[in-house]
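Report on the following structure.
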Amino acid sequence: MGTSVQVTPLSGAYGEGPLCYLLAVDGFRFLLDCGWTDHCDPSLLQPLARVAPTIDAVLLSHPDIMHLGALPYAMKHLGLSAPVYVTEPVFRLGLLTMYDYFLSRWQVADFDLFTLDDIDAAFQNVVRLKYSQNHLLNADKGEGIVIAPHVSGHLLGGTVWKITKDGEDVVYAVDFNHRKERHLNGTALGSFVRPAVLITDAYNALNNQVYKRQQDQDFIDSMVKVLASGGSVLLPVDTAGRVLELLLIMEQYWAQRHLVYPIYFLTNVSTSTVDYVKSFLEWMSDSISKSFEHTRDNAFLLRYVSLIINKEELEKLGDAPKVVLASMASLEVGFSHDIFVEMANEAKNLVLFTEKGQFGTLARMLQVDPPPKAVKVTMGKRIPLVGDELKAYEEEQERIKKEELLKASLSKDEELKASHGSNAKASDPMVVDASSSRKSSNAGSHVGGNVDILIDGFVPSTTSVAPMFPFFENTADWDDFGEVINPDDYMMKQDEMDNNMMLGAGDGMDGKLDEGSARLLLDSAPSKVISNEMTVQVKCSLVYMDFEGRSDGRSVKSVIAHVAPLKLVLVHGSAEATEHLKMHCAKNSDLHVYAPQIEETIDVTSDLCAYKVQLSEKLMSNVISKKVEFAGGALRCGEYITVRKIGDSNQKGSTVSQQIVIEGPLCEDYYKIRELLYSQFFLL
């Protein structure tokens with residue numbers, strides 16, 4: 001049999017829930033994404049909780065809540081401790097997304113599922129890879145497995161993961177986009193040929209996209225119409241995902257039409273987000289990279305969009321027409337929630353949704369059942385403690401601190417007794433044996449009569465330790481130049497260097513957290529949350545336009561047909577969309593199509609057979625080597641390198657229609673095989 005492959009959805013199957021899947025490759029267990037929803041309901045993570053301690057590696061595909069939102073909680077509460085593999089943008093922007101989400105929750109509620117420190121800890125054990133970089137896993141169970149991230153489209157740093165073992169490829173490609181956009185190239189999924197297994201989503205299987213240029217113009221026109229009539233526009237957006245494309249669209253049209261209406265990008269980390277994005281040009285579209293090379297003009301040097309991290313700037317404008325892009329996209333929490341409540345009762349205003357709201361959120365409810373209508377919302381606000389409340393808080397904290405110190409002291413005493421009790425009598429001459437003392441005193445009383453007076457009342461217990469400070473003799477070696485040292489003791493290890501470069505609430509994102517964001521992250525002043533429920537009469541206009549940046553149904557079907565996997569696994573999509581795509585693929589191709597339910601394990605092991613053959617030296621000595629043309633397929637060379645021939649080999653003398661591809665890590669074998677191929681085909 002070929003490489004053993006099993007897939008188990010833990011969330012996001014036959015529904016639009018967060019993405020989280022278990023993939024086992026010859027016993028090595030990958031967690032594909034670790035998503036959550038804006039509701040942060042721990043019950044959704046029960047399937048993950050049952051397998052989290054057994055995970056060997058985590059692969060994250062996109063820097064948003066639906067793909068990585070549960071990572072801090074799983075690391076803290078569920079026993080997930082595996083290394084996490086991401087691209088650099090997913091690492092940086094994912095961390096900012098989690099910061100923004102935590103602060104949005106913490107400002108309106110006593111949020112205790114995870115903290116900023118937990119977010120930092122979750123991103124400590126991260127391995128950052130570049131696109132098309134082959135990374136060989138070193139774990140015992142992962143021996144021979146190579147993982148590589150490839151361009152996904154959709155979000156900056158978005159990843160299609162390819163996992164290779166013994167020449168067979170398993171491809172995880174969800175939320176990809178074949179279209180080239182302003183800041184992103186299209187997906188590289190179309191370059192894959194006949195993988196053993198393709199895991200992809202059915203999210204957009206029933207949707208067809210409109211012409212992009214016309215959609216962009218309609219998007220701008222709908223806003224300008226409202227602004228010209230004296231209204232304001234709210235766009236609920238994510239922290240660092242699709243909002244980047246929206247910013248470039250608005251920058252372009254504001255410049256072309258000479259518009260003067262102010263635009264604000266409002267999140268808790270907006271300035272930090274754009275600062276990081278400016279440094280990720282090599283991860284963006286070819287047009288942005290070439291423009292920077294020729295003109296040194298950075299596309300994200302925003303001229304018409306103001307970056308703000310609080311509502312003070314907006315309050316200065318009052319009712320003046322403006323455009324506000326504010327997180328969160330779900331309208332459940334964050335600045336978008338508060339601004340929606342303020343704008344909803346004015347018919348002149350517009351709430352413009354650019355993505356489908358998560359199921360069960362306020363955004364989804366408004367999209368399904370548009371206004372006019374009344375909705376109930378909860379308004380919360382965190383305020384500092386003052387007066388008696390502050391005094392009571394400080395007293396309680398002081399009491400807790402004293403209790404912790406007392407517990408620590410008692411625990412230390414117990415440890416000392418346990419560690420010294422058994423060896424104290426043998427190793428320390430100052431310890432008095434109570435039993436022998438009593439014997440000696442009794443004997444003395446018979447002989448001399450009053451020796452026992454000297455020790456009466458001073459007999460120590462059997463667990464006593466010496467009543468003196470510990471002393472450790474310095475046994476270091478010395479030479480003519482002084483004490484002999486070990487240089488390794490003074491060298492910073494690579495993991496320590498990586499940890500120092502990691503992001504933390506205290507050390508500030510390698511210096512890229514702006515002062516305002518850092519102040520929010522580090523604010524530890526005693527506070528409380530006050531909240532109240534209220535009914536909002538929604539009179540403003542609501543419009544939904546699809547700017548999610550995913551391939552539509554027609555394109556998804558075309559890509560699957562082009563890639564032509566041996567086996568196809570469908571996840572993340574409504575039941576109707578999943579069944580539609582499953583039926584289409586089964587009817588129009590010879591694919592084996594699977595659509596598992598949550599916690600249903602399917603075996604998609606390849607029907608191909610892979611054998612390792614080792615020839616004896618005696619046999620090899622009698623082998624006569626001669627050229628035989630490599631007609632097609634895959635040739636495994638050594639442990640890690642695979643040579644593939646792609647194209648039509650039936651055309652004699654044709655070299656244009658054929659390609660030879662070398663796959664594997666950049667090791668000694670790779671260069672030897674490449675040199676051999678060069679010598680054969682180019683006569684070097």
Side-chain angles (χ1 to χ4, degrees), residues 181-183 209-267 270 273-274 299-308 311 313-331 334-357 362-364 366-367 370-372 536 538-549:
E181 298 185 289
R182 283 171 176 80
H183 81 296
Q209 295 173 344
V210 299
Y211 185 55
K212 191 175 190 314
R213 180 172 296 179
Q214 184 61 48
Q215 184 186 38
D216 292 350
Q217 293 177 354
D218 292 343
F219 173 68
I220 298 297
D221 290 341
S222 64
M223 290 191 290
V224 172
K225 181 179 179 181
V226 171
L227 295 168
S229 62
S232 294
V233 181
L234 169 65
L235 287 83
V237 295
D238 52 17
T239 302
R242 292 302 302 169
V243 66
L244 302 179
E245 183 74 10
L246 299 178
L247 292 176
L248 294 187
I249 293 174
M250 299 174 75
E251 282 277 315
Q252 175 185 334
Y253 280 93
W254 250 244
Q256 290 178 356
R257 301 188 182 186
H258 306 288
L259 300 175
V260 295
Y261 302 108
I263 307 173
Y264 294 96
F265 178 32
L266 173 59
T267 75
S270 59
T273 299
V274 174
F300 283 91
L301 286 173
L302 304 176
R303 297 170 177 83
Y304 299 93
V305 179
S306 300
L307 310 176
I308 56 177
K311 291 172 56 182
E313 289 291 326
L314 300 181
E315 293 169 354
K316 294 178 183 178
L317 291 176
D319 292 333
K322 56 188 173 293
V323 179
V324 183
L325 300 93
S327 61
M328 298 288 181
S330 64
L331 289 181
F335 292 116
S336 63
H337 174 85
D338 296 344
I339 296 173
F340 168 77
V341 172
E342 296 171 1
M343 293 176 51
N345 61 354
E346 292 284 345
K348 64 180 181 179
N349 296 328
L350 169 66
V351 177
L352 179 53
F353 294 103
T354 57
E355 63 181 77
K356 189 188 299 182
L362 177 58
R364 185 63 168 266
L366 292 172
Q367 292 169 9
V536 177
V538 183
K539 301 177 183 177
C540 65
S541 301
L542 265 69
V543 174
Y544 168 69
M545 294 186 178
D546 184 2
F547 281 87
E548 296 192 46

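Here the structure is a predicted model, which means the values were calculated and not measured.
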Just wondering, are more than 12 heavy atoms of other shown residues or ligands nearer than 6.0 Å to [atom1] in [X]?
X      : atom1 : answer
Asp319 : CG    : no
Lys539 : NZ    : no
Lys225 : NZ    : no
Arg257 : CZ    : yes

Salt bridge (Lys or Arg N to Asp or Glu O under 4.0 Å) filter on Asp546, not counting sequence neighbours, yields none

If you take all heavy atoms of [X] and [Y], which pair is closest and at what distance?
X      : Y      : answer
Tyr261 : Trp254 : O-NE1, 2.9 Å
Glu181 : Gly549 : OE2-CA, 4.2 Å
Ser541 : Ala347 : OG-O, 4.2 Å
Leu234 : Ala326 : CD1-CB, 4.2 Å
Leu314 : Lys322 : CD2-CD, 4.1 Å
Leu317 : Pro262 : CD1-CG, 4.2 Å

So do the side chains of [X] and [Y] get within less than 4.5 Å of each other, counting heavy atoms only?
X      : Y      : value
His337 : Met328 : no
Lys311 : Glu342 : yes
Tyr253 : Val224 : no
Ile220 : Met223 : yes
Val324 : Met343 : no
Leu362 : Leu366 : yes
Thr273 : Phe300 : no

How long is the span from the [atom1] atom in [X] to the [atom2] atom in [Y], to the nearest 0.5 Å?
X      : Y      : atom1 : atom2 : result
Ile308 : Phe265 : CD1   : CZ    : 10.5 Å
Leu302 : Leu248 : CG    : CG    : 7.5 Å
Ser270 : Tyr264 : OG    : OH    : 12.5 Å
Ile249 : Gln217 : CD1   : CD    : 11.5 Å
Leu227 : Leu259 : CG    : CG    : 8.5 Å
Leu307 : Ile263 : CG    : CD1   : 11.0 Å

Note to self: Any carboxylate oxygen within less than 4.0 angstrom of a Lys/Arg side-chain nitrogen, looking at Glu245 and Arg242?
What the structure shows: no

Walk me through whether Leu266 and Ile339 qualify under side-chain contact (heavy atoms from CB on, under 4.5 Å). CA-CA 11 Å; Leu266 173 59; Ile339 296 173; 3.7 Å; yes

Determine whether a donor-acceptor pair (N or O, by modelled atom type, separation under 3.5 Å) exists between the side chain of [X] and the backbone of [Y].
X      : Y      : answer
Asp238 : Val243 : yes
Ser232 : Ala320 : yes
Gln367 : Glu355 : yes
Ser222 : Asp218 : yes

Residues passing the side chain to side chain donor-acceptor pair (under 3.5 Å) test with Gln209, sequence neighbours excluded, are Arg179

